[in-house]
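Report on the following structure.
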Amino acid sequence: MAPVNNNDEHPPKFKVTIVGSGNWGSVASKLIASNTLKLSSFHDEVKMWVFEEMLPGGEKLTDAINRTNENVKYLPGIKLGHNVVADPDLENAVRDANMLVFVTPHQFMEGICKRLVGKIRSDAQAISLIKGMEVKKEGPCMISTLISQQLGVNCCVLMGANIANEIAVEKFSEATVGYRGNRDIAEKWVQLFSTPYFAVSACQDVEGVELCGTLKNVVAIAAGFVDGLDMGNNTKAAIMRIGLREMKGLSKLLFSSVKDSTFFESCGVADLITTCLGGRNRRCAEAFAKNGGKRSFDDLEAEMLQGQKLQGVSTAKEVYEVLKHKGWLEMFPLFTTVHEICTGRLPPTAIVEYSEHAPKYPMTGGPTSFP
Ligand SMILES: NC(=O)C1=CN([C@@H]2O[C@H](COP(=O)(O)OP(=O)(O)OC[C@H]3O[C@@H](n4cnc5c(N)ncnc54)[C@H](O)[C@@H]3O)[C@@H](O)[C@H]2O)C=CC1
Ligand SMILES: O=C(CO)COP(=O)(O)O
């Protein structure tokens, strides 16, 4: 990866663009912008692509961000750094960058990648902070793979126990950069994100790291059901244990390269715990169960998250499609049941009952054949 040489500057510097400006995207821009000011190998300015929208007072979100230095809709009250420049023009935002940070809700990435084909620098490196996957005819496609394949770039991932609002106010947390191949590139990403309150380490297991971040959102939906049904801490701990077991089982069935040790990194058990305790997926699923499944997740998301997006419900559907296609539904009763509750085929109480798809494997047991 060659740094960008603007106006013959010596030595040339790396230039960063963040594609996405939601709750986590805005916090990522704050972390990165504080580092580009400190590290001489980066350009100070950090561009942040904004999916433009009109605020209630009639001002464009991009203008409000550039005027106040705050993302007034998705991260109000937090200064992003004067070197963050919001840009609603996707092509313009990425044009000069050779370090691209992707952080949008996962359902928008296919469209964004299509728009970016042929528009990015040939020497660009990418990282995805996105928790989710696409399902294609051929099987599951992780978002980092989508980015790599569509844009022809190497793509690392950054996942972890990272509730954005907590990091925004500089409470300590950890994160994991997943990479394949060249460790130098992973180290560059670690350098770009690390702060005294955000401890990042690198792990050579891109699939394992990304699947942890993706699948824990399904478990968080189950944890929310347990909270909504007032079932207590033991039940929630059981759901988290069974969920972690299914996360590991499915990850290793999909990619034999996935390492056991990855599940003990921040991206694994720590992200599972924080999301099951304090995440948006948990919160909306709690409301869903309290309402006996009578209000849809779409309604609850719109009302409770005010434009922020849930990833767990669509991921549960995507996981279900993969399991069905592979003939693995019975092996993953928790994942299967979450999807069936979300779609109204089962009531929320089914989360601790035997799944109709798992007659041989009750929730508390499960197959012994996971790798
Ligand atoms: N918020 C959090 O605490 C964390 C989120 N993540 C992950 O980061 C990713 C992004 O999450 P957030 O930044 O929190 O987003 P968010 O949940 O705040 O979503 C809102 C964003 O989606 C954008 N958007 C809405 N419609 C769009 C469209 N049609 N095309 C493109 N963008 C559109 C909005 O402009 C806004 O930037 C997700 O995969 C999430 O799981 C990961 C760690 C922590
Ligand atoms: O991924 C997250 C924390 O690491 C955020 O989870 P939620 O989307 O459930 O808030």
Side-chain angles (χ1 to χ4, degrees), residues 15-38 42-94 97 99-109 111-112 115-116 127-132 143 158-171 173 175 192-193 195 197-198 274-275 278-281 283-284 301-311:
K15 203 160 179 31
V16 185
T17 289
I18 299 164
V19 177
S21 54
N23 186 235
W24 182 217
S26 301
V27 176
S29 79
K30 176 184 153 151
L31 289 167
I32 291 170
S34 71
N35 279 329
T36 59
L37 287 181
K38 284 191 207 126
F42 293 93
H43 274 275
D44 287 355
E45 183 183 284
V46 175
K47 280 219 170 119
M48 179 172 77
W49 173 66
V50 175
F51 177 76
E52 191 65 286
E53 58 188 290
M54 211 54 98
L55 296 170
E59 188 177 20
K60 288 180 177 163
L61 177 57
T62 309
D63 294 340
I65 294 173
N66 286 332
R67 182 175 56 77
T68 62
N69 196 230
E70 284 178 23
N71 189 332
V72 293
K73 175 155 183 188
Y74 295 105
L75 192 67
I78 303 291
K79 295 291 175 200
L80 302 179
H82 63 80
N83 49 329
V84 174
V85 176
D87 187 342
D89 180 336
L90 182 60
E91 282 181 34
N92 190 53
V94 299
M99 293 185 82
L100 294 168
V101 178
F102 289 95
V103 53
T104 70
H106 78 282
Q107 57 271 35
F108 305 126
M109 269 315 292
I112 289 171
R115 290 174 59 190
L116 287 179
I127 193 164
S128 168
L129 279 51
I130 299 166
K131 295 174 176 172
I143 299 298
L158 181 144
M159 307 276 142
N162 299 149
I163 297 208
N165 290 337
E166 296 179 14
I167 300 166
V169 292
E170 306 191 0
K171 293 181 177 168
S173 70
L192 186 64
F193 280 94
T195 71
Y197 61 90
F198 196 63
T274 203
T275 312
R280 300 168 296 185
N281 285 289
R283 194 150 49 90
C284 291
E301 178 188 69
E303 181 186 298
M304 296 173 71
L305 300 187
Q306 302 288 315
Q308 294 183 38
K309 301 287 178 196
L310 284 181
Q311 304 284 258

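Along the sequence shown, the residues carry numbers beginning at 1.
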Under the side chain to side chain contact (heavy atoms under 4.5 Å, CB included) rule, what do Leu75 and Asn165 come out as? Steps first, then yes or no, please. CA-CA 8 Å; Leu75 192 67; Asn165 290 337; 3.7 Å; yes
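If you take CD1 on Ile112 and CG on Leu90, they are separated by 6.5 Å, rounding to the nearest 0.5 Å. The structure places CG of Asp87 at 8.5 Å from CG of Asn66, a figure rounded to the nearest 0.5 Å. Taking CG from Leu310 and CZ from Arg283, the interatomic distance works out to 9.0 Å, rounded to the nearest 0.5 Å.
Taking Asp63 as the reference, nothing meets the side-chain hydrogen bond (donor to acceptor under 3.5 Å, both in side chains) condition, with sequence neighbours excluded. When the side chain to side chain contact (heavy atoms under 4.5 Å, CB included) test is applied to Pro88, the partners found at least two apart in sequence or on another chain are Glu52, Thr62. Partners of Phe42 by ring pair (Phe, Tyr, Trp, His ring centres under 6.0 Å), not counting sequence neighbours, listed by chain and number: Phe14. Every residue meeting the side chain to side chain contact (heavy atoms under 4.5 Å, CB included) condition with Phe198, not counting sequence neighbours, appears here in chain and number order: Trp24, Leu31, Leu158, Asn162, Ile167, Ser173, Ala175, Phe193, Thr195, Val200. Taking the side-chain hydrogen bond (donor to acceptor under 3.5 Å, both in side chains) definition, one finds that Thr104 meets it with nothing, sequence neighbours left out. Here Glu91 pairs with nothing under the salt bridge (Lys or Arg N to Asp or Glu O under 4.0 Å) rule; sequence neighbours left out. Taking Glu45 as the reference, Lys15, Lys47, Val85 meet the side chain to side chain contact (heavy atoms under 4.5 Å, CB included) condition, with sequence neighbours excluded. Residues passing the side-chain hydrogen bond (donor to acceptor under 3.5 Å, both in side chains) test with Asn35: none are found, sequence neighbours excluded. Considering only residues two or more places apart in sequence or on other chains, Glu170 meets the salt bridge (Lys or Arg N to Asp or Glu O under 4.0 Å) condition with Lys30. In this view, Ser21 and Met48, Val50, Asn71 satisfy the side chain to side chain contact (heavy atoms under 4.5 Å, CB included) rule, not counting sequence neighbours.
Shortest non-hydrogen contact noted between Ala164 and Val27 is O-CG2, 3.5 Å. Ala64 approaches Val72 most closely through the heavy-atom pair CB-CG2, 3.9 Å. Ile130 and Pro105 get closest at one heavy-atom pair: CG2-C, 4.5 Å. Taking all atoms of both residues into account, the shortest heavy-atom contact from Arg115 to Trp49 is NH1-CZ2, 4.2 Å. Contact between Gly25 and Ile18 at its shortest, heavy atoms only, is O-CG2, 4.2 Å. In this structure, Leu80 and Ala33 approach most closely via the heavy-atom pair O-CB, 3.8 Å.
Partner of Gln311 under the side chain to side chain donor-acceptor pair (under 3.5 Å) criterion, chosen from Arg280, Gln107, Lys131: Gln107.
Applying the salt bridge (charged side-chain N to carboxylate O under 4.0 Å, His left out) test to every pair with at least one member in residues 65-75, sequence neighbours left out, gives these pairs: Glu53-Lys73, Glu59-Arg67, Glu70-Lys79. Residue pairs that meet the salt bridge (charged side-chain N to carboxylate O under 4.0 Å, His left out) test with at least one member in residues 18-28, sequence neighbours left out, do not exist here.
Judged by distance alone, the side chain of Glu301 and the main-chain N or O of Cys284 form no donor-acceptor pair under 3.5 Å.
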